[in-house]
Number of protein chains: 2
Amino acid sequence: MQHQRPKIVDVARLAGVSTATVSRVLSNPDVVSAETRRSVEEAIRQTGYRLNHAARNLRHRRTGGVVALVPNLSNPFFSQILAGMAAVLAGAGYNLLIADTCAMGGETLLGYAEPSRADGLIVLDGTLPAEGLKRRVPIVLACEWIPGIEAPRVKIDNRAAARVAVGHLADLGHTRIGHVMGPPGNVLSEARLAGTEQALAARGLPPPLVLPGDFSLDSGRVAGAAWLALPAQERPTAMFLASDAMACGFIGEVQHRGLAVPRDVSVMGFDDIELVSHMTPALSTIRQPREAIGRRAAQCLLAMIGGEALEGDIVLPTELVLRASTAPPVTAPAIKSRAAGPARL
Amino acid sequence: MQHQRPKIVDVARLAGVSTATVSRVLSNPDVVSAETRRSVEEAIRQTGYRLNHAARNLRHRRTGGVVALVPNLSNPFFSQILAGMAAVLAGAGYNLLIADTCAMGGETLLGYAEPSRADGLIVLDGTLPAEGLKRRVPIVLACEWIPGIEAPRVKIDNRAAARVAVGHLADLGHTRIGHVMGPPGNVLSEARLAGTEQALAARGLPPPLVLPGDFSLDSGRVAGAAWLALPAQERPTAMFLASDAMACGFIGEVQHRGLAVPRDVSVMGFDDIELVSHMTPALSTIRQPREAIGRRAAQCLLAMIGGEALEGDIVLPTELVLRASTAPPVTAPAIKSRAAGPARL
DNA sequence: CACCCTCTTGCAATCGATTACAAGCCTCCG
DNA sequence: CGGAGGCTTGTAATCGATTGCAAGAGGGTG
């Protein structure tokens, strides 16, 4: 009572027991007799005692926290993944610390990979240096990954998903198909490009027109401008963009310049972020199970923290979502097909 | 070397000094002689020593972490605020823990308000119970706030911003104006509704048609359906929605049902999330300085942790952003104004 | 009644760093 | 030459909880 904040000894004194007993009531109630337990609980209530986590963590040699390294917090793609992770981790008594890798230097970042800072790490950014991350705390890679690092990966089959997406465009009858890539060097960018090329090659179609991008809205807008700048007869009649955000930017630019989707160009995205089903036209895309990715990554990490030695990848399924932004190409020189009915599905 | 992980005594032994000196080199290098410092630094390098934060925090009676309580991580509105906070906090050596209040019960949440868990709290959710949050750790409220709690607030003038938004619609000539609210009971919902009513009353216009919502995309879609369900001549010719997300949902629904914005209805949002400038039509809205809100909230909290006693609110400016979703009402019964040119600005 | 076993509980060491206090050394001045 | 004062460094207590070990209590058995 005289202290600023009651400690375990205050509770012990009031209850007339030792600190060891109080501690046991807190963390292992079953070994304490019912009567003692009740009086300790009463003392805890009276003193308003609250456990000091720093002390417990010091003794347990753990931190009770897990860090997620995210490339860009402003990207809505990640928020649902984080929500999934947070749910699983909270259930297991872990905090989720979120760090934005683009907001901090490498030095600061590596500080998170220390056992005294976090019990584990979930890395969502494939562009981090592999060096500092090696063998410090359990690590799980989600979505993206870092080639040099041996750690469980929770991901999707990006190449296959891209094949499905481009296959859909080809099935609609498109033959000139373009692709807007993610950031250069990113494993996802490469895989989605490769899938695009495979799908076209498998059907004997010419290789895609490839435009640069970086997953961001604005790079999609720039790609839209680049597409518009092409002579009309050279423009791909269908575009597959490596992220929904880019697809939004692309469609926005095309529409603002007076053309229509899918009449003048079919557009296919990737991710299925919530928003794209509300746009006009609603975006056809590849759905990534974002929350599931978060959950699995968190479960995986908890298992590793628990001592299990996981290896190998967890590949979650994707889904082709067909909405209104893709349609067969207008073959004849557009006569009066004012609005080619969107292929709602 | 024989230990799993080198501790401060290992460094001390190797450097031939006491642990106190090593500690001083780490946290207060100036008081140590240059020569000793160098040999300690060398020993640190050789042993690969890394500080144990749990131990330091225990001794310092602090945690080095700040918790942000966010109502919904999946909402892109918050991500940029968090990015701003993270930047400031990282600069001051604090971690940012992010907790999603809708993913966890009140018990868990209150656990975060303890000094042994976090050195401070930034609350972005106005619907939390005021009880448990009182007088535990420094708290800053951002965006939303909790009426019962006395803590610095970083916010915008929601009422004035709503007046500006609705004033714009009225200036365009609209007389039947509707409003889609945020979640009931939310302070932001109330303020934005009040501003809407004030703006209309000040111009002698009839009170708004008010539709329910909850800031989410889908509630905007539902509001769109409700608007469509009205007899055409009773529909407001302009709608002010309390969030951009709802505006997106609203516009999507209206467009999917074959009507056009702003020809058939002008739409005004709130927030200016990145995406809305890319939609078609680009959304007119009220810009909130999201990153600045995050930064100021973090700075404010750091000041409080440092012992300053802040009181009173910090009100950041908003900005009316005019794009293409608002236009004068089509007064004559639509004759052949196929596409009333969007009032780009 | 002695002995063994189980159930509770307390003692005291421990987790790893920080820091008040004191001691040692050196220099400078009277 | 003695003492004051500044610099550096070491000693040991401390932050608050956890837990291995052992002791004491109570019950059952031969």
Side-chain angles (χ1 to χ4, degrees), chain A residues 1-41 43-44 47-65 93 111 114-119, chain B residues 1-41 43-44 47-65 93 111 114-119:
Chain A
M1 276 312 198
Q2 43 250 359
H3 301 72
Q4 202 73 41
R5 225 178 120 68
K7 331 190 300 181
I8 204 169
V9 304
D10 301 312
V11 176
R13 204 161 9 233
L14 183 61
V17 299
S18 73
T19 62
T21 301
V22 177
S23 175
R24 287 186 193 107
V25 169
L26 256 31
S27 47
N28 205 3
D30 296 333
V31 309
V32 179
S33 77
E35 196 184 2
T36 314
R37 196 189 321 154
R38 244 180 300 106
S39 79
V40 169
E41 279 162 355
I44 289 177
T47 53
Y49 170 75
R50 313 253 54 195
L51 179 68
N52 181 317
H53 290 85
R56 166 180 281 185
N57 290 343
L58 173 58
R59 185 64 228 242
H60 279 167
R61 296 145 152 276
R62 60 159 232 159
T63 72
E114 286 177 42
S116 81
R117 285 291 270 261
D119 298 325
Chain B
M1 280 311 200
Q2 43 251 357
H3 302 73
Q4 201 74 40
R5 227 179 117 70
K7 330 191 301 181
I8 204 168
V9 304
D10 300 312
V11 176
R13 206 163 5 236
L14 184 61
V17 298
S18 73
T19 63
T21 300
V22 177
S23 175
R24 285 192 272 259
V25 169
L26 255 32
S27 47
N28 204 4
D30 297 333
V31 308
V32 179
S33 77
E35 196 184 2
T36 313
R37 195 189 321 154
R38 242 180 302 107
S39 79
V40 169
E41 280 161 355
I44 289 177
T47 53
Y49 169 75
R50 312 254 57 196
L51 179 69
N52 180 318
H53 290 85
R56 166 181 280 185
N57 291 341
L58 173 58
R59 186 63 227 242
H60 278 167
R61 297 146 150 274
R62 61 160 231 158
T63 70
E114 286 177 41
S116 81
R117 285 292 269 262
D119 298 326

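Just so you know, these numbers come straight off a predicted model, no measurement behind them. The sequence lines fix the lettering, A, B, ..., with proteins before strands; numbering per chain opens at 1.
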Base, sugar-phosphate, or nothing for [X], non-hydrogen atoms under 4.0 angstrom?
| X | value |
| --- | --- |
| B/Val17 | sugar-phosphate |
| B/Val22 | nothing |
| A/Ser23 | base |
| B/Thr36 | sugar-phosphate |
| A/Arg50 | sugar-phosphate |
| A/His53 | nothing |

Between [atom2] on [N] and [atom1] on [X], what's the gap in Å once rounded to a whole number?
| X | N | atom1 | atom2 | value |
| --- | --- | --- | --- | --- |
| A/Leu26 | D/dT19 | CG | C1' | 14 Å |
| A/Asp10 | D/dA17 | CG | C1' | 13 Å |
| A/Asn52 | D/dT14 | CG | P | 17 Å |
| A/Leu58 | D/dT18 | CG | C1' | 10 Å |

First and last nucleotide of DNA chain C touching chain A, 5' to 3', heavy-atom cut-off 4.0 Å?
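Nucleotide range in contact with chain A: C/dT8 to C/dG16.
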Output yes when A/Lys7 and A/Asp10 qualify as a salt bridge under the 4.0 Å nitrogen-oxygen rule, no when they do not.
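Looking at A/Lys7 and A/Asp10, the cut-off is not met.
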N/O donor-acceptor pair under 3.5 Å between A/Ser116 side chain and B/His53 backbone
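Flag set: sc A/Ser116 to bb B/His53 pair under 3.5 Å.
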Answer yes or no: is there a donor N or O on one side and an acceptor on the other, between the side chain of B/Ser23 and the main chain of B/Thr19, under 3.5 Å?
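No, because the side chain of B/Ser23 does not come within donor-acceptor range (under 3.5 Å) of the backbone of B/Thr19.
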Quick one: are A/Val40 and A/Val32 in side-chain contact, heavy atoms under 4.5 Å?
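Answer no - side chains too far apart.
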Tell me, do A/Ser18 and A/Thr21 make a side-chain contact under 4.5 Å, heavy atoms counted?
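Contact flag for A/Ser18/A/Thr21 side chains = yes.
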Locate the shortest heavy-atom distance separating A/Arg62 from A/Gly93; write the atom from each residue and the value.
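Result for this residue pair: NH2-O, 4.3 Å.
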Under 4.0 Å: is that the gap between some side-chain N or O of B/His60 and OP1 or OP2 of D/dT14?
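False: B/His60 side-chain N/O out of range (4.0 Å or more) of D/dT14 OP1/OP2.
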Of B/Arg37 and B/Arg61, the one whose closest DNA chain D nucleotide lies more 5':
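Per heavy-atom nearest nucleotide, the more 5' residue is B/Arg37.
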5′-ward residue of the pair B/Leu51/B/Arg24 relative to DNA chain C
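Looking at the nearest nucleotide for each, B/Leu51 comes out on the 5' side.
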Checking A/Asp119 against A/Thr63 for the side chain to side chain donor-acceptor pair (under 3.5 Å) test, could you report, in this order, the C-alpha distance in whole Å, the side-chain angles of both residues, the deciding distance, and whether it holds?
CA-CA 6 Å; A/Asp119 298 325; A/Thr63 72; 3.2 Å; yes
